Amino acid sequence: EWPSVSFCDCNTFSFIFMPLKRTEKQQIVDALAAELAKGASVAVVSFQALTMKDSAALRQSLRGAHGSLQVVPKRLFARVVAALGWPASLAETGDSVAVAWSSDLVAPAKSLHAYAKSTEGARLLGGVLEGAVLDGSAVERLALLPSPEILRGQLVSVLAGPLRGVLGVFTSVLRCVPAVLQAKAQM
């Protein structure tokens, strides 16, 4: 559970405007690092302004995929990145940082890509997919992938295409056999 902090704890909507103590900062870093380490995929976006409406929409889109979103001060996020051994480029931004994670492989990327696309000043910084660190463009490509159901359908179509051709050849040969036999019988 997140300790009371000076930034918005959007889960409880409590605001406390006191500086964080060093131990509180370390608790936040440890808790977030533990959560991110458990997620199969993580996506990070930098933004200039995240409204409560946008925040609620992002959380709602991630909730269906058993994901979470947390807005983190950039200095604390830099500590989280260092604690997890990720490249510092994930935390290099002049703006605020939101991090999304989930057990679903593409849900964080899709949610944050949609937000970054619709919001001026927001950009994907990168992410992590099953331990592999991705840059912003790789996260964007991941977000643009079709859903698993569509990919399965495309795979079945690709596999079924040649089979349909072979089946067409066999049926056309079988259609010709009676005509050839009848012509042979009339000779």
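As the structure is a prediction and not an experimental result, all values here were calculated from the model. Hydrogens, waters and symmetry mates play no part in the numbers below; they use all other heavy atoms, side chains included.
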Of all heavy-atom pairs between [X] and [Y], which one has the smallest distance, and what is that distance?
| X | Y | value |
| --- | --- | --- |
| G67 | S102 | CA-CB, 3.7 Å |
| L84 | A37 | CD2-CB, 4.1 Å |
| A98 | L69 | CB-CD1, 4.1 Å |
| A143 | K110 | O-NZ, 3.0 Å |
| A43 | V139 | CB-CG1, 4.3 Å |
| L62 | S68 | CD1-O, 3.5 Å |

| Can we say K21 and E24 salt-bridge, meaning some charged N sits less than 4.0 Å from an Asp/Glu carboxylate O? | no
Is there a donor-acceptor pair under 3.5 Å between the side chain of [X] and the backbone N or O of [Y]?
| X | Y | value |
| --- | --- | --- |
| T171 | G168 | yes |
| S41 | D104 | yes |
| S55 | T51 | no |

Could you check whether any side-chain heavy atom of [X] comes within less than 4.5 Å of a side-chain heavy atom of [Y], counting everything from C-beta outward?
| X | Y | result |
| --- | --- | --- |
| K25 | R79 | yes |
| V97 | V45 | no |
| L112 | L124 | yes |
| L151 | Q154 | yes |
| V72 | L32 | yes |
| F77 | V44 | yes |
| L142 | L129 | yes |
| K38 | W101 | no |

| message | Quick check: is L125 connected to L144 through a chain of hydrophobic side chains (ILVMFWY, heavy atoms under 4.5 Å apart)? | response | no
Once you round to the nearest 0.5 Å, how far does [atom1] of [X] lie from [atom2] of [Y]?
| X | Y | atom1 | atom2 | result |
| --- | --- | --- | --- | --- |
| R63 | Q60 | CZ | CD | 5.0 Å |
| H113 | S118 | NE2 | OG | 10.0 Å |
| S157 | I150 | OG | CD1 | 13.0 Å |

| said: Tell me which one of T119, D54, V71 satisfies side chain to side chain contact (heavy atoms under 4.5 Å, CB included) with F47. | reply: V71
